[in-house]
Amino acid sequence: MSILGNRVLRVEDPKLLTAGGTYVDDVELPGAVELCYVRSPHAHAGVVSIDTEAARRAPGVLDVLTAADLALAPIVQHLPGIPAEMARPFLAGDRVRFVGEAVAVVLAETRAEAADGAALVEVEYDPLPAVVALEHAASGETLLFPAAGSNVAARIAPAPAPSSAPGAAAPGAEGSIFDDCEVVVSERFVNQRLAPCPLEVRAAAAVLGEDGRLTHWSTSQTPFAVRQALAGALGVEEGKIRVIAPDVGGGFGAKNGDYPDELLVGVLAHRLGRPVRWCETRSESMLALGHGRAQQQTITLGGSRDGRLRAYRLEVVQDCGAYPLLASFLPHLTRAMASGTYDIERVEFESVSLVTTTAPVVAYRGAGRPEAAAAIERAVDRFAAEIGMDPAELRRRNLVGPQRFPFENPTGTVYDCGDYAAALERLLEASDYDSIRAEQAARRSCGETVELGIGLAVYVEITGAADLGGEWSAVEMLPDGTAVVRTGTSAHGQGHATAWSMLVSDALGIPIDAVRFVQSDTDLVARGVGTFGSRSLQTGGVAARQAAERVVELARELAGELLEADPADLVVDPGGGGIGVVGTPTARRSWAELAAAAAERGTPLRAEVDFTPPGGTFPFGAHLAVVEVDTETGGVRLVRLVAVDDAGRILNPLLADGQVHGGLAQGVAQALLEEFVYDAEGNPLTTTLADYLFVTAAELPSFESLRMETPTPRNPLGAKGIGESGTIGSTVAVQNAVVDALAGRGVRHLDMPLSPERVWQSLAATG
Amino acid sequence: MIPAAFEYRRVGSVAEAIAALSADEDAKLLAGGHSLLPLMKLRLAVPSLLIDLGGVPSLSYVRDGGDHLAIGALTRHCDVERSDLVRRSAPLLAYVAGQVGDPQVRHRGTIGGSIAHGDPASDLPAAVLALEATLVVEGPDGERTIPAGELFLGFLETSLRPGEVLTEIRVPRSPGGWSFQKFNRRAQDWAIVGAVIATAPSGRPNVALVNMAATPVRAAATESALAAGAGTEEAARLAADGLEPPSDLNASPEYRRHLASVLVRRGLEEAAARDGAA
Ligand SMILES: Cc1cc2nc3c(=O)[nH]c(=O)nc-3n(C[C@H](O)[C@H](O)[C@H](O)COP(=O)(O)OP(=O)(O)OC[C@H]3O[C@@H](n4cnc5c(N)ncnc54)[C@H](O)[C@@H]3O)c2cc1C
C-alpha cells in the first residue's frame with residue numbers, strides 16, 4: 001500500500017519541539033557587528049540633517065551610516081509598470097515616507113550598544129503632510145514622489161470583459177453592463193490593512209569567507225531572489241554569494257520581498273570584511289515588515305428578481321504604502337478571480353494602486369485572492385438580502401456547473417476543474433444548515449438579545465500560476481542506501497520535509513527516514529523560485545516525484561544488467577529491498593548495491609527535473625460560519641466554523657489540516673479582530689501585540705473541516721495548493737455571518753474587523 | 001523593545017528594599033515585571049535601578065486573619081486564583097485573579113504589583129476597591145495602612161510615598177453575592193470595560209469599574225441610587241455618571257459609558273442570583 005494520502009507525522013517536529021530549530025538569530029557568528037536602524041518617527045518629512053556625532057562616541061559603536069555613506073542604488077522591483085522614481089532606497093535619503101522607514105544604521109559590538117547608539121542619532125526633519133486616506137492620495141494634492149508626477153503606482157484600465165455583449169456601450173459609460181438587470185446593488189467595502197505577524201521576526205546574518213564568497217542567512221521564503229538582489233546591490237556575480245534560509249518561523253507571504261534592512265546586512269558584511277547580524281524587534285517588525293490586504297472596493301452586482309446574477313463590476317483602490325512593492329500587482333490577482341465561483345455573464349474590473357505614507361504593502365496569505373472572494377461573496381449576500389432570497393439558494397442558482405470545465409471566467413482566467421455545487425451541498429448538509437436557520441428564526445421571534453448569524457462563502461482561488469515559473473528538484477540514491485532530495489522551494493513551517501520524503505520514499509520503496517531533504521541553500525540547490533502562493537507541492541513536489549521516478553528508471557536499467565534480466569520485468573520492492581525480478585525474491589539488488597555499482601561506473605543514481613505546470617490550479621470550497629452577536633454590547637462570538645475544502649488530491653491529510661486550520665484562524669482574525677491602524681497624521685497605532693489583536697486559540701471554536709478531492713489535470717500528482725484557501729473562504733464567511741445576524745435589525749453591510757463598537761454603532765444607527 | 005540601561009539588585013528583605021528605594025529616587029521595585037518591563041521595553045519607564053522583590057519569600061502567602069483574609073503582596077495571580085482559602089472567603093477575588101491576562105501572565109504577575117501600579121485598566125485594583133480592602137505598606141517611617149478607597153489618586157499614581165513597599169492586602173470576608181463582568185475582545189486582553197460587584201459589610205452592593213476613568217473607580221451614582229431604593233435597571237443606567245472614560249482603539253467614551261451600564265446591570269443581576277443561591 002502506498003504511503004501517499006496517509007497522515008504521516010511531520011518529520012520536522014521532533015527537532016522543532018525538543019532541541020529547537022536553528023533560526024537565523026541562532027546562527028553562531030562570533031565577532032559579528034550588530035546593526036540597529038534609526039527609524040523615522042514621521043510619516044512624511046524632508047530629512048534636513050543627520051547628526052551622528054554623539055552616537056559615534058557611544059560605547060561600543062563602530063560606525064553610523066546614512067544614505068549618503070552607503071551610495072547604493074535603490075532596489076528595483078521586478079514588477080511591470082511601476083514608475084522608476086518610486087524605487088525604494090536602502091536608507092531614506094532626503095525624504096522619509098512612512099513611520100519606521102530607516103534613515104541611518106548604527107554598527108556596534110553588541111545589540112544593546114547598537115540600540116543605545118541609535119537613540120543618540122539626531123535627525124532633523126522638516127514635516128510634510130501625511131497621505132493616509134486613499135482619496136487624499138488619489139487627489140495628488142501631496143505627492144510622495146514629486147518627480148513621478150502623481151501618486152499612482154499602477155493601474156488596470158476598465159477594459160470591457162471579453163464576453164461583454166456586442167454593442168455594449170463604450171467602457172466607462174455608467175451602468176451599461178447593468179442595463180438589463182432588474183435589481184442592482186452597490187456598496188463600498190474596506191478590506192483592511194493587516195500585519196502578517198510571523199512568529200519569527202525578520203533577521204539576517206552574513207559573513208565574507210576567505211575565498212571572497214559571502215554567506216548570508218535570511219528568514220526568507222525565496223532565498224534565490226535574495227541572492228539575486230544581493231548580487232545586484234554588491235555588483236558581484238550570484239555565484240559569489242550563498243544564501244541560506246535555515247528554519248524559518250513563518251512568513252505568510254511577507255517574507256518574500258527584497259527588504260533593504262535585511263539586504264544591508266549582507267552588503268555591510270561584504271564591505272567590512274567582518275560578520276554582521278541584525279534581528280528586528282517585534283515593534284520594528286510591526287512597522288517595517290510589509291503589511292497585507294489594504295484594498296478599498298466598490299462593488300455593483302446586478303441580476304433578476306428570481307436570483308439570476310448577470311453583471312458584476314469591481315473597482316479596486318489598492319493602498320501600496322510608501323513604496324510600490326507587490327501591492328501594486330495584487331489587483332491583477334483580484335481581477336483574475338473577481339467573479340469567483342459564479343457564472344456571471346458580464347464582469348468589469350478597474351483598479352488603481354496608490355502610494356501613501358504608510359508601510360509598504362506586500363503579499364499576505366492569499367494576496368489579492370481573499371480580497372476578490374470577500375468582494376464577490378459579500379456582494380452575493382447583499383444581493384440575496386435585497387431580493388429576499390436565502391443566500392444558499394442564490395448561490396446554488398449561479399454556481400459554475402461541474403460540466404463547464406475547463407471554464408474561462410469573464411476576466412479571462414481558465415479554471416481547471418471543480419464541483420462548486422457539490423461543495424456547497426456537502427457544507428449545508430454537514431452543518432445542518434436548515435436547523436441553524438430554524439434556530440435563528442426562533443431566537444428572533446422571541447426577541448432574544450443574542451442573535452444568531454449564519455455566513456456562507458463558496459470560493460475558488462488560483463495557486464501555482466505558471467507565469468511564476470516551475471521548480472527544480474534532484475534526487476540521488478547514495479551507496480549507503482539512503483536518498484537525498486533537493487528542491488528549489490523553500491518551506492517555512494509547511495512540512496515539506498515530510499511531504500517530499502513521502503514522495504521519494506514511495507517511489508523508491510525505502511523508509512521515509514532514509515530520505516534526506518535539502519532546501520533553502522543556494523549552494524546545495526541548483527535553482528529555485530521559492531514557497532509562496534500555495535505553489536510548492538504542485539511545482540517542486542512534482543519535480544521531486546519525477547526525479548525519484550527517473551532514479552528508479554536508471555536503477556532498473558542498471559539492475560537489468562547486473563541481474564541479466566529484462567528491465568521490463570524489474571520492479572521496486574516496496575519493502576525497501578531495492579529492485580528485483582517480479583515474483584523472484586532472490587533475484588534482487590539492494591539500493592545500496594545499486595548505488596555502489598553506479599558510483600563505480602561514474603554514473604551516480606541521480607536525476608534532476610525542472611517541472612513547470614501548464615497553468616495554475618484552482619482550489620475551491622465552501623465555508624460556513626455561525627456567530628452569536630450580543631446586541632447589547634456588540635460583542636461577537638464565533639460559535640462554529642465548518643469548512644469543505646477541495647485542493648485536488650491530498651498527499652498528507654495531516655499537513656493539509658495544518659494548513660487549513662492556520663488559514664481558517666487567520667481568516668477569522670481578519671473578520672473579527674485584526675487591523676493595522678494609522679491615524680490621519682500617519683502615526684501607526686497598533687505597533688505591539690497588545691494593540692494589534694492577533695488571534696489566539698481562545699477566540700476560536702474547534703474547526704469542522706471536511707475535504708473533497710477533485711484531482712487537477714494540470715500536474716501528475718493531481719494536487720492543488722491548500723496553504724491559503726482556509727483564509728480565503730473563512731474571512732468573508734464570518735463577515736457574512738455577523739451581517740446576517742443583524743439583518744433583522746436593518747443592517748445591510750459592515751466592514752471588517754467586526755469590532756464590538758462597530759457592531760454596536762450599526763445597531764444604534766439603525767435604531 | 002530594548003530597554004535603556006539600568007542597574008539591578010535582588011534584595012532579601014523588605015527592609016533592604018526600603019533602604020535601596022530610599023537611596024535612589026529613580027529606583028523602582030520589580031515584582032512580576034509584567035507591567036513594568038513592557039513600559040521599560042518601550043522606554044516609557046527608564047528606572048536607574050530595579051530592586052527585585054523576587055527573593056523575599058515572606059511576601060508570598062495567603063492567611064486567615066480572622067475577620068479578614070491577608071494576602072502577601074508578592075502572591076502571584078495564579079496562587080490567588082487557586083487558593084482554597086481565597087475561594088472560600090473571598091470568591092470574587094479568586095475569580096478576578098483568574099480573569100487576568102493569560103496563564104503566563106498569571107504565573108508571573110503579583111497582586112501587590114497590580115495594585116501598586118494602579119492601572120485603571122487592570123482588574124484587581126477595581127476588585128480591592130469593591131471589596132473595601134485595606135493595604136499594608138512599610139516605609140522608612142514604619143508601617144501604615146491605607147484603605148483601598150484612598151490609594152488611587154490619578155493615572156498610574158497612588159498614595160504610596162517614596163520608599164514605601166506594599167506588603168499585604170487585607171480583604172474583609174464577604175459572604176454575599178458577587179460578580180465580575182469583564183468585556184474584552186480576546187480572552188487574554190485587558191478589559192475594555194469591567195464591572196466588579198461585591199457585597200459591602202453593610203450588605204449593599206459595592207460597584208467598581210475597570211477602565212472607566214483615570215483610576216480604578218467606584219460607580220458612585222449607581223451605588224447611591226441603589227441605596228435610595230432604585231431598581232437594578234435604573235441604577236445600572238447611571239453607572240458612568242460623572243465619569244470621563246478614556247478613548248482608545250477599542251472604544252470611544254460614549255461606547256464605554258454604554259458598556260458600563262450593560263455590564264453593571266448584568267453584574268448586579270448575577271450578584272443577586274448568587275446571593276439568593278447562597
Ligand atoms: C500580556 C499581558 C496581559 C495582561 N492582562 C492583564 C489583565 O487582563 N488584567 C490585569 O489586571 N492585568 C493584566 N496584566 C498586568 C499583570 O497583571 C501585571 O502582572 C500586574 O498588573 C503587575 O504586577 P507585577 O507583579 O507584574 O508588577 P511589576 O510589573 O513588577 O510592577 C508594577 C509596578 O508596581 C510597582 N511595585 C511592584 N510591587 C510593589 C510592591 N510590593 N510595593 C510597591 N510597589 C510595587 C513596581 O515598581 C512597578 O512600578 C497583563 C500583563 C501582560 C504582560
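Lettering follows sequence order; numbering is per chain, from 1. Just so you know, these numbers come straight off a predicted model, no measurement behind them.
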Residue pair Arg39(A), Glu280(A): steps toward the salt bridge (charged side-chain N to carboxylate O under 4.0 Å, His left out) verdict: CA-CA 12 Å; Arg39(A) 297 186 181 275; Glu280(A) 69 184 351; 5.1 Å; no
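Phe183(B) touches chain A through its side chain: at least one heavy atom from C-beta onward sits under 4.5 Å away, while N, CA, C and O do not. Only the side chain of Glu699(A) has a heavy atom closer than 4.5 Å to any heavy atom of chain B. Contacts of Arg266(B) with chain A are made by side-chain atoms alone, with heavy-atom separations under 4.5 Å and no backbone atom involved. Only the backbone of Leu689(A) has a heavy atom closer than 4.5 Å to any heavy atom of chain B. For Ser261(B), no part lies under 4.5 angstrom from a heavy atom of chain A. Looking at Asn250(B), both its backbone and its side chain come within 4.5 Å of chain A, counting heavy atoms on both sides. Contacts of Glu675(A) with chain B are absent, with no heavy-atom separation under 4.5 Å from either backbone or side chain.
The residue among Ser252(B), Ala251(B), Ala187(B), Ala4(B) with the most heavy atom pairs within less than 4.5 Å of chain A is Ser252(B). Ranked by heavy-atom pairs under 4.5 Å with chain B, the list Pro756(A), Ser755(A), Ser283(A) is led by Pro756(A). With chain B as the partner, the residue from Thr696(A), Thr686(A), Leu693(A) showing the most heavy-atom pairs under 4.5 Å is Leu693(A). Heavy-atom pairs under 4.5 Å with chain B peak, among Leu672(A), Leu685(A), Thr633(A), at Thr633(A).
A salt bridge links Arg186(B) with Asp189(B): the closest approach of a Lys/Arg side-chain nitrogen to an acidic carboxylate oxygen falls below 4.0 angstrom. Between Arg293(A) and Glu674(A), no side-chain nitrogen of the basic residue sits less than 4.0 Å from a carboxylate oxygen of the acidic one, so the salt-bridge criterion is not met. A salt bridge does not link Arg282(A) to Asp691(A): none of the charged nitrogens lies less than 4.0 Å from a carboxylate oxygen. By the 4.0 Å N-to-carboxylate-O rule, Asp25(A) lies close enough to Arg111(A) to be salt-bridged with it.
Considering only heavy atoms from C-beta on, Leu673(A) comes within 4.5 Å of Arg185(B) through its side chain. You'll find the side chain of Gln192(A) reaches within 4.5 Å of the side chain of Gln670(A), heavy atoms only.
For Val132(A) against Asp679(A), the heavy-atom pair with the smallest separation is CG2-O, 3.6 Å.
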